[in-house]
Amino acid sequence: MWHETYLETVLKPDYAYASEHLLPHLFDALTAHSLMLSTQQLPHASAAVELLQQLRVTRFPLYDSKVEDVFFTLDQQLAAQNPQAAGAMRTALSRNDLDMTIYRLSARERLLRAALRLLNLRLTLLDLAGREIETVMVAYTHHQPAQPTTLAHYLAGLENVLSRDTERMFDALRRLNLSPMGAVALAGTSFPIDRQLTSQLLAFDRPIENTYDAVSASDWQVELACTITVTATTLSRGVHDLLLWASRGLLTLEDGLVQGSSVMPQKRNPVALEHARTKFSKAIGITQSVILSAHNVPFGDINDPGPDVQPPLDTMWREFREGIELLTAALTRPSINRAAWLKEAETGESVVTELADVIARQAGQDFRHAHAIVKTLLHHLHVAGRDLSSTTPEDLAQLGVTVSPADLQHALDPFTFVAARTTYGGPAPVTMAGALATARQRLHEDFTRHNQVTQRFADARTRLEGGL
């Protein structure tokens with residue numbers, strides 16, 4: 001009998017987790033293994049395939065403390081119906097290579113779900129950007145007003161980063177999608193198995209070439225944790241800005257995503273964004289337990305980066321999923337206060353870079369000198385208690401610069417500032433229209449790639465369920 005402490009803290013939770021999250025992958029892996037053994041003419045292997053098909057659709061037993069785990073529970077079920085089939089299935093098989101296979105099968109499925117949610121968020125960002133291509137806003141650097149740009153420019157910039165995060169997910173999938181099956185305990189087997197066939201049946205890209213590596217590696221789990229950390233960090237930074245804009249009335253979430261106050265009738269608290277930020281923070285936090293579980297432990301089959309790290313990975317996926325779904329909902333139909341955005345750009349000093357550019361071009365000054373002139377102008381205006389918008393050609397003439405009234409008006413206009421920024425990647429509407437078209441094409445390609453991989457894995461399961 002198991003010690004009660006070990007039973008309550010390890011065996012029961014492991015069984016519950018495996019029963020809820022890993023059973024389909026267990027059946028897939030064992031079916032692929034048995035099909036491979038059948039092609040090698042191992043007696044009774046085909047019967048194991050048939051039994052696995054039958055048991056796959058039956059209710060799995062509740063935990064029995066006399067049986068160690070889910071694998072041995074299934075093993076006993078098989079043996080009760082056909083001992084020879086159960087014995088055949090156990091040939092050239094260890095829980096070591098089986099577990100690592102199941103964990104990879106589960107992880108690639110969870111990774112693809114996360115990638116799909118990221119793709120949908122990118123689509124939401126691009127849709128919103130397309131509506132706000134002429135919405136002028138002031139961008140900040142070092143928490144200070146910097147230059148006019150557009151809301152579309154900001155949103156497209158965020159989508160740019162998330163497109164790289166998508167690539168990181170696809171790259172991680174490429175290193176994750178390798179088959180440990182056939183490594184057995186760690187040194188392979190003396191039976192004539194076909195690891196390549198088992199890999200193909202499970203829709204892995206190839207078998208892991210070293211059997212020791214197959215049962216020992218944790219790098220792919222650490223990479224998943226790091227990938228989620230990078231993406232959640234990007235999203236958290238975006239949420240920070242959204243909350244700031246909401247606090248200033250520049251952006252308002254729809255009714256179902258805000259909460260009021262029991263005391264203050266005017267409150268529309270953007271709680272969906274606050275919860276999203278917290279969930280991204282929790283996802284990042286839990287990734288550290290994944291990394292530390294693989295840190296400073298032997299390179300071999302051990303529990304630290306094996307069964308013990310699966311629940312934290314599950315929590316990581318859940319928190320990330322809930323955070324990204326909340327953020328996507330918040331960005332689907334927000335109300336944008338375009339007039340308030342524009343007012344900040346018109347009444348502040350963010351346009352003065354263009355004034356320096358005009359002085360440099362028209363007065364034949366180098367930009368360094370033009371920069372100094374504008375800085376002096378601002379000082380004089382501040383001393384006089386005047387706004388930048390009150391600047392006249394005479395103010396500049398006193399500094400030795402001649403600028404026509406029309407040119408000065410254009411230099412102080414935030415719309416002109418934005419329209420002049422036609423540099424590749426810049427915020428000018430004509431430039432942004434092309435950039436958004438490019439981003440949409442890239443997103444379409446990523447959706448296509450995701451759909452193809454997802455369909456490949458689904459087709460493999462369909463074939464295994466049919467015993468093919």
Side-chain angles (χ1 to χ4, degrees), residues 1-2 6-7 10-40 42-109 179-185 189 191 193 197-199 201-204 214-215 301 303 306-308 310-311 314 457 460-468:
M1 293 293 292
W2 300 106
Y6 189 68
L7 188 65
V10 176
L11 294 182
K12 280 187 178 180
D14 283 357
Y15 192 93
Y17 178 83
S19 298
E20 181 179 358
H21 298 286
L22 301 178
L23 266 185
H25 309 297
L26 173 64
F27 278 105
D28 288 348
L30 290 176
T31 301
H33 177 68
S34 299
L35 283 167
M36 179 276 296
L37 293 175
S38 180
T39 67
Q40 300 302 103
L42 185 76
H44 307 293
S46 59
V49 174
E50 294 175 5
L51 279 176
L52 287 166
Q53 286 179 268
Q54 296 170 19
L55 292 173
R56 187 191 284 262
V57 296
T58 61
R59 181 180 177 86
F60 204 75
L62 297 175
Y63 183 68
D64 181 350
S65 61
K66 294 189 294 294
V67 185
E68 183 174 336
D69 57 18
V70 165
F71 170 75
F72 280 119
T73 300
L74 181 57
D75 179 65
Q76 288 193 4
Q77 285 185 295
L78 289 167
Q81 297 189 44
N82 189 327
Q84 292 83 9
M89 186 194 70
R90 292 280 295 273
T91 303
L93 178 73
S94 165
R95 282 183 302 169
N96 295 5
D97 62 339
L98 178 63
D99 283 351
M100 294 309 290
T101 299
I102 293 169
Y103 300 152
R104 286 176 182 260
L105 290 172
S106 174
R108 76 185 188 185
E109 190 174 275
S179 175
M181 288 296 284
V184 199
T189 179
F191 285 95
I193 64 172
L197 175 59
T198 311
S199 174
L201 289 170
L202 292 167
F204 284 118
V215 302
D301 178 68
N303 285 316
D308 285 352
Q310 301 314 305
D314 177 63
F457 295 160
R461 170 161 292 170
T462 299
R463 289 190 294 268
L464 290 169
E465 288 174 341
L468 303 176

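For this chain, numbers begin at 1 and follow the sequence in order. Just so we're clear, the structure is a prediction, and the values are computed from it rather than from any experiment.
With hydrogens and angles disregarded, no donor-acceptor distance shorter than 3.5 Å links the side chain of S106 to the backbone of Y103. Proximity of a side-chain donor or acceptor of S34 to a complementary backbone N or O of T31 within less than 3.5 Å is not detected.
Between T101 and A29 the shortest heavy-atom distance is CG2-CB, 4.1 Å. For V184 against S94, the heavy-atom pair with the smallest separation is C-CB, 3.4 Å. In this structure, V10 and P13 approach most closely via the heavy-atom pair O-CD, 3.3 Å. Here the closest heavy-atom approach between residue A185 and residue N96 is recorded as O-ND2, 2.9 Å.
For the pair L30/F71, a side-chain contact is recorded, criterion being any heavy-atom separation below 4.5 Å from C-beta on. A 4.5 Å side-chain heavy-atom check between R95 and D69 finds at least one atom pair inside the cut-off. Side-chain contact between L197 and Q40: absent, with no pair of heavy atoms (C-beta onward) separated by less than 4.5 Å. Between L464 and R56 the shortest side-chain heavy-atom distance falls below 4.5 Å. Residues L202 and L105 meet the side-chain proximity criterion, which asks for heavy atoms closer than 4.5 Å. Under the 4.5 Å side-chain criterion, counting only non-hydrogen atoms from C-beta, L201 is not in contact with H33.
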Tell me which donor-acceptor pairs under 3.5 Å the side chains of residues 16-26 have, and how far apart each pair is, sequence neighbours excluded?
from: Y17; atom 1: OH; to: Q310; atom 2: O; distance (Å): 3.4
from: S19; atom 1: OG; to: Y15; atom 2: O; distance (Å): 2.8
from: H25; atom 1: ND1; to: R461; atom 2: NH2; distance (Å): 3.2

Let me check something: any side-chain donor-acceptor pairs from residues 42-54 under 3.5 Å, sequence neighbours excluded? List them with distances.
from: Q53; atom 1: NE2; to: E465; atom 2: O; distance (Å): 3.2
from: Q53; atom 1: NE2; to: G466; atom 2: O; distance (Å): 3.2

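Put simply, OG on S65 and NZ on K12 are 7.5 Å apart, with the number rounded to the nearest 0.5 Å. Taken to the nearest 0.5 Å, the OG1 atom of T73 stands 10.5 Å off from the CG atom of L62. Note that CG of L98 and CZ of R90 are 10.5 Å apart. Values are rounded to the nearest 0.5 Å. Rounding to the nearest 0.5 angstrom, the gap separating the OG1 atom in T39 from the CG atom in L37 is 7.5 Å. The CG atom of L468 sits 8.0 Å away from the CG atom of L35 when rounded to the nearest 0.5 Å.
Cation-pi geometry between R108 and F457 is met: under 6.0 angstrom from the ring centre, within 45 degrees of the axis.
Residues passing the side chain to side chain donor-acceptor pair (under 3.5 Å) test with D308, sequence neighbours excluded: none.
Under a cut-off of 6.0 angstrom, the local environment of CZ in F72 is crowded, with over 12 non-hydrogen atoms contributed by other residues, nucleotides or ligands.
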**OP:** Just do the side-chain contact (heavy atoms from CB on, under 4.5 Å) check on F204 and M181 with the steps written out, would you?
**Re:** CA-CA 10 Å; F204 284 118; M181 288 296 284; 5.6 Å; no
